[in-house]
Structures are given as C-alpha cells and as structure tokens.
> 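Pasting a structure below so you can have a look.
Because only heavy atoms are used, hydrogens play no part in the values below, and waters and symmetry mates are left out as well, while side chains stay in. Index from 1, following the sequence.
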Amino acid sequence: AGLGSIAGRGALADLRIQAEAFGFHLAALDLRQHSALHEAAVADLLARAEVEADYAALDEDARMALLTRELANPRPFIRLGGEVGETTDRVLSALRVAKAAIEAEPASIGNYIISMTDAVSDVLEVLLLCKEVGLWRRLADGTVVSPIDVAPLLETIADLEAGPALLTALFQNEVYAAHLAARGGMQEVMLGYSDSNKDGGYWQANWSLHKAQGAIAETCRAHDVDLRFFHGRGGTVGRGGGRAGQAIRAMPPVAQTGRIRFTEQGEVISFRYALPGIARRHLEQIVHAQLGALADAQRRPDT
C-alpha cells in the first residue's frame, strides 16, 4: 500500500514488536495463598467426599500417601455446583479464574506460590486443588498435564534451613516428579526476606538466605532440576531492600543459573520507575549484574 515506513519503521512496527514481546496479556500474573488455607480446603473436600474424615489429624507420611493416591484418581470430589465450605470456595474460585484466564491466553498465568511451605504435602495439596477445577490431571500412563507451575515460598529461618530436604523429598515423590517433567523440569523457589528478618533478625536472616540459596541450588543440581530463585524483597533493609545489583552479585556462584525474579514494591516502584531515564538505568544495572555474576560463576571450576 506504499506505507512501508509505517510498517517497517513506524508505529505498526513498534506495535508488532510489543505484541511479540508481551502477547496480549502484557505480563503473567502469579497466584499466592497461605498453605494453611490449602490444608483447610483439602480437608473440607476429603470430608465431604467421605474419603478422609479428619485430614488435619494425619501425620506427614499419611498425608503424602493419601494425596499421592488421590492425585492418580481422575474423579473430582465435588460435583459442579456442589456445596463446599467458605475457605474451600475462596481457594477454588481463584483457581477457576486462573483456568479461564489460561484458556483465553495460556501465558497470562505464571506460578502458584505457596506461602509458609514447610512440607511436601503443602505442595501436593495445591496440585489436588488444581485437579479439582480441571487445571491438573494425571493420565493413565503416569504423565501429567498441567499449565501452571507451583513454587514453594520459604520464609522462616527454620524453613530456609530445611529447604534442601524439602526439595529432595519433593523431587523424589513420583507424582511431583511427573508434574515437574510436564512443566519442563524447571523449579522456582521463592525466598521470603521480610518474614525471615522478623523471625531471626537482620544478620541471621541474611546469612540464612545466603546459605539456603547455595544449598538449594546444589540440591536441584543433584536431581538434574533447573532452578530459578524468586526473591521476595521489599524496599527497606529489614525487608531485603538495598542495591539490587549488589544483591545479585552477592549470590553464591552455584545459585547463578541465569534466571532470576524479584519483587519491586512499595516506595521502590516510584523511586526506580517513576522517571523513564532512571527506570532504564536501573534495568540496565540489573541485567549487567546478572550477566556479570553468571559469567563469573561459569569461570569457576567448582560450578
């Protein structure tokens, strides 16, 4: 049509690049909920389906066995429109919205983050709830179909220290191993800065976070699992705030996988992104720090 300048170098060209980069959803949204609510919802579903009257009273081994068995069973617990408790309805409603969003745009939903994860059952409970709304299923041959990733959030000092053992048990669970394979073998782990600081104090929290990153990375490497850390940093020092570039370069070399996520929240948003020039500089500093840290790690013989 003689409009090559618009199509190749003008507004249409910019629009095409934006569509290729961001799709029609702009950015994927994560879901996040507390593990205690998942436990309550699963207990409600199991009781109403007359599968287990008192799920909360079971120990961890019994929970894992029950959840693993039920994840292999394709039938739902509650018929469509069936009555459930308030907490159960709240959790399942969010998952149904996520399912509708994924059906409209598969890349619109990112991870399901589990706050206060301290057991394998906390993760399997989320898979069971996803199965209930049709977001997760296991086929007859044992393979899994799932459009959503699940990320444990380690927040307290004890949970950070127990993280490697938790992930080892998780990777060794046959159902979760099948889920991980279906999602490309990449595990995201979120680290809580605010709660760890409140739990152990500034120095203890930062040392525990540093050690946990190295130990978790070693665990994932031992099980041939790709890793991405999601740093739940806030704006103040007590919530993990500070210079993002320095924080990236300070990570243990084994934890430098080339993948990283971190939160930008509160006053940090206006400080770092209100002015385009400052925003670009900040993003360039982050990219530079990540590339530099990865290059340094790859030069080390032990990584």
> For the residue pair Phe229 and Met251, what are the closest heavy atoms and their distance?
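Scanning both residues, the minimum pair turns out to be CD1-CE, 4.3 Å.
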> Are Leu227 and Ile216 packed together at the side-chain level, in the sense that at least one heavy-atom pair is separated by less than 4.5 angstrom?
yes
> Do you know the tightest heavy-atom contact between Leu180 and Met186?
CD1-O, 3.8 Å
> Quick one: does any side-chain atom of Asn111 pair with a main-chain N or O of Asp30 as donor and acceptor, under 3.5 Å?
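Checking the backbone N and O of Asp30 against the side chain of Asn111, no donor-acceptor pair under 3.5 Å is found.
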> Look only at the side chain of Thr68 and the backbone of Met64, and say whether a donor-acceptor pair between them is shorter than 3.5 Å.
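Between the backbone of Met64 and the side chain of Thr68 there is a qualifying donor-acceptor contact (under 3.5 Å).
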> Are the charged groups of Arg183 and Glu188 less than 4.0 angstrom apart, N to O?
no
> Which atoms form the tightest heavy-atom contact between Leu166 and Ala119, and what is the distance?
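Answer, listing the atom of Leu166 first, then Ala119: CD1-C, 3.4 Å.
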> Would you say Asp226 and Gln187 make side-chain contact, with heavy atoms under 4.5 Å?
no
> Is there a donor-acceptor pair closer than 3.5 Å between any side-chain N or O of Ser93 and the backbone N or O of Arg90?
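Flag not set: sc Ser93 to bb Arg90 has no pair under 3.5 Å.
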> Using every non-hydrogen atom in the two residues, find where Ile114 and Ser35 come nearest and quote the distance to one decimal.
CG2-CB, 3.9 Å
> Just how far is it from atom CG of Leu29 to atom CG of Leu31, taken to the nearest 0.5 Å?
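Those atoms lie 8.0 Å apart.
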> Are His231 and Phe262 close enough that their ring centers fall under 6.0 Å?
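Ring-ring flag for His231/Phe262: false, centres at least 6.0 Å apart.
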> Looking at Arg280 and Glu284, is any side-chain nitrogen of the basic one under 4.0 Å from a carboxylate oxygen of the acidic one?
no
> Above 12 or not: heavy atoms from other molecules or residues under 6.0 Å from CZ of Phe22?
no
> In terms of the angle between their ring planes, are His179 and Tyr176 parallel, tilted or perpendicular, with boundaries placed at 30° and 60°?
tilted
> About how many Å separate CD1 of Ile113 and NE2 of His34, when rounded to the nearest 0.5 Å?
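The CD1 atom of Ile113 is 14.0 Å from NE2 of His34, to the nearest 0.5 Å.
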> Could you state the interatomic distance from CZ (Arg281) to CD1 (Ile286), rounded to the nearest 0.5 Å?
11.5 Å
> Would you indicate whether the side-chain heavy atoms of Leu127 and Leu67 approach each other to under 4.5 Å?
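No; the side chains remain at least 4.5 Å from each other.
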> In terms of side-chain geometry, is the basic nitrogen of Arg75 or Glu70 positioned less than 4.0 Å from the acidic oxygen of its partner?
yes
> Return the minimal non-hydrogen interatomic distance between Ala41 and Leu129, and the atom names on each side.
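So the minimum-distance heavy-atom pair works out to CB-CD2, 4.0 Å.
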> Nearest heavy-atom pair of Ala28 and His25: which atoms, and what distance?
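Looking at all heavy atoms of both residues, the closest pair is N-CD2, 3.8 Å.
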> Look at the side-chain heavy atoms of Ile, Leu, Val, Met, Phe, Trp and Tyr, link any pair under 4.5 Å apart, and say whether Val51 and Leu128 land in one connected group.
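Linked, Val51 and Leu128 end up in one cluster.
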> Are Leu209 and Phe230 in one and the same hydrophobic cluster, where Ile, Leu, Val, Met, Phe, Trp and Tyr link if side-chain heavy atoms are under 4.5 Å apart?
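No, it is not one cluster - the side chains of Leu209 and Phe230 are not joined through contacts under 4.5 Å.
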> Donor-acceptor check, side chain of Glu155 to backbone of Met116, threshold 3.5 angstrom: yes or no?
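Checked: pair present.
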> Below 4.5 Å, heavy atoms only, C-beta onward: do Arg32 and Met190 meet side chain to side chain?
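Sidechains of Met190 and Arg32: in contact.
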> As an exercise, state the distance from CG of Leu154 to OG of Ser208, rounded to the nearest 0.5 Å.
11.5 Å
> Do you know which of Val254, Thr257, Thr168, Val225 makes side-chain contact (heavy atoms from CB on, under 4.5 Å) with Cys220?
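So the option named by the test is Val225.
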> Any chain of hydrophobic side-chain contacts (each under 4.5 Å) joining Leu95 to Leu37?
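Leu95 clusters together with Leu37.
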> One pair to check against side-chain contact (heavy atoms from CB on, under 4.5 Å): Thr87 and Asp44. What are the steps and the verdict?
CA-CA 9 Å; Thr87 296; Asp44 181 40; over 6 Å; no
> Under the side-chain contact (heavy atoms from CB on, under 4.5 Å) rule, what do Val42 and Leu124 come out as? Steps first, then yes or no, please.
CA-CA 10 Å; Val42 168; Leu124 298 184; over 6 Å; no
> Determine whether a donor-acceptor pair (N or O, by modelled atom type, separation under 3.5 Å) exists between the side chain of Glu218 and the backbone of Gly214.
no
> Are Arg249 and Asp296 packed together at the side-chain level, in the sense that at least one heavy-atom pair is separated by less than 4.5 angstrom?
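Yes, side chains in contact.
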> For the atom pair CD1 (Ile78) and OG1 (Thr88), what is the distance rounded to the nearest 0.5 Å?
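Ile78 atom CD1 to Thr88 atom OG1 measures 8.5 Å (nearest 0.5 Å).
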> Is it true that atom CG of Asp224 has more than 12 heavy atoms of other residues, nucleotides or ligands lying nearer than 6.0 Å?
no
> Is Arg63 close enough and on-axis enough to Tyr55, meaning under 6.0 Å and within 45°, for cation-pi?
yes
> For residues Gln33 and Tyr112, determine if any side-chain heavy atom of one lies less than 4.5 Å from a side-chain heavy atom of the other.
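Contact flag for Gln33/Tyr112 side chains = yes.
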> Starting from Val126, can I reach Leu153 by hopping between I/L/V/M/F/W/Y residues whose side chains sit under 4.5 Å apart?
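No; Val126 is not reachable from Leu153 via cluster members.
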> Does Glu264 have any salt bridge (Lys or Arg N to Asp or Glu O under 4.0 Å) partners at least two apart in sequence or in another chain, and if so, which?
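Glu264: salt bridge (Lys or Arg N to Asp or Glu O under 4.0 Å) contacts with Arg272.
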> Within the side chain of Asp89, is there an N or O that forms a donor-acceptor pair under 3.5 Å with the backbone of Val84?
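No; zero donor-acceptor contacts below 3.5 Å.
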> Quiz question: by atom type and distance under 3.5 Å, do the side chains of Gln256 and Gln298 form a donor-acceptor pair?
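Gln298 and Gln256 do not have a side-chain donor-acceptor pair below 3.5 Å.
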> Do Asp199 and Ser196 have side-chain N/O donor and acceptor atoms under 3.5 Å apart?
no
> Does Lys131 count as lying over the ring of Phe77, i.e. NZ or CZ under 6.0 Å from the six-ring centre, within 45 degrees of the axis?
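Geometry flag: set, cation within 6.0 Å and 45°.
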> Would you say Trp136 and Arg138 make side-chain contact, with heavy atoms under 4.5 Å?
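Yes, at least one pair of side-chain atoms sits under 4.5 Å.
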> Please tell me if the side chains of Glu60 and Val120 come closer than 4.5 Å, counting only heavy atoms from C-beta onward.
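Heavy-atom side-chain distance check passes, below 4.5 Å.
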> Which distance, rounded to the nearest 0.5 Å, do you find between the CG of Asp122 and the NE2 of His38?
9.0 Å
